[in-house]
Amino acid sequence: MPDCSCSLCGREINDFSEKHFVVRFDVKEADNKLLPVLPDQDTDPLEMMTHLIMTGPSSEAGSTDSNSEFTLCSNCHQVFLKDPFGAKNSRKVRFSLN
């Protein structure tokens with residue numbers, strides 16, 4: 001009895017008798033390197049730290065982070081290893097310069 005299916009070709013995979021693979025993507029926003037900022041004479045260091053804490057990274061609804069998991073059969077796994085993002089097989093649109 002098949003337990004799952006390949007995320008690429010859709011073929012059913014028997015979890016007990018067939019070799020299959022799991023691909024996981026963990027996408028996160030890159031860390032921004034903060035440059036040191038020297039406070040002005042009028043700047044309160046405690047106020048500056050409060051501002052940095054309040055505007056720092058958070059897990060709000062607008063977050064762009066995501067996690068995805070895909071199951072691949074043996075054949076699709078081989079194809080995936082050769083071209084993980086399908087860039088070689090996709091048609092590229094080229095615009096004319098006129």
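The chain is numbered in sequence order, starting from 1. All heavy atoms count here, side chains included; hydrogens, waters and symmetry mates do not.
Legend: salt bridge (charged side-chain N to carboxylate O under 4.0 Å, His left out) pairs involving residues 71-81, not counting sequence neighbours: none detected.
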Show me the side-chain donor-acceptor pairs of residues 17-25 shorter than 3.5 Å, one per line, residues at least two apart or across chains.
from, atom 1, to, atom 2, distance (Å)
Glu18, OE1, Arg11, NH1, 3.0
Glu18, OE1, Arg11, NH2, 3.0
Glu18, OE2, Asn14, N, 3.2
His20, ND1, Glu18, O, 3.3
His20, NE2, Asp15, OD1, 2.9
Arg24, NE, Glu69, OE1, 2.8

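Taking every heavy atom of both residues into account, Cys73 and Cys6 meet most closely at N-SG, 3.4 Å.
Hydrophobic clustering, with ILVMFWY side chains joined whenever heavy atoms are under 4.5 angstrom apart, keeps Leu81 apart from Phe85. Note on Phe70 and Leu8: same hydrophobic cluster, where clusters join Ile, Leu, Val, Met, Phe, Trp and Tyr whose side-chain heavy atoms are under 4.5 Å apart, directly or indirectly.
Under the 4.5 Å side-chain criterion, counting only non-hydrogen atoms from C-beta, Ile13 is in contact with Thr71.
Listed by chain and residue number, Asp26 satisfy the side chain to side chain contact (heavy atoms under 4.5 Å, CB included) test with Asn67 (two or more places apart in sequence, or in another chain).
The OG atom of Ser5 sits 10.5 Å away from atom CG of Leu72, with the distance rounded to the nearest 0.5 Å.
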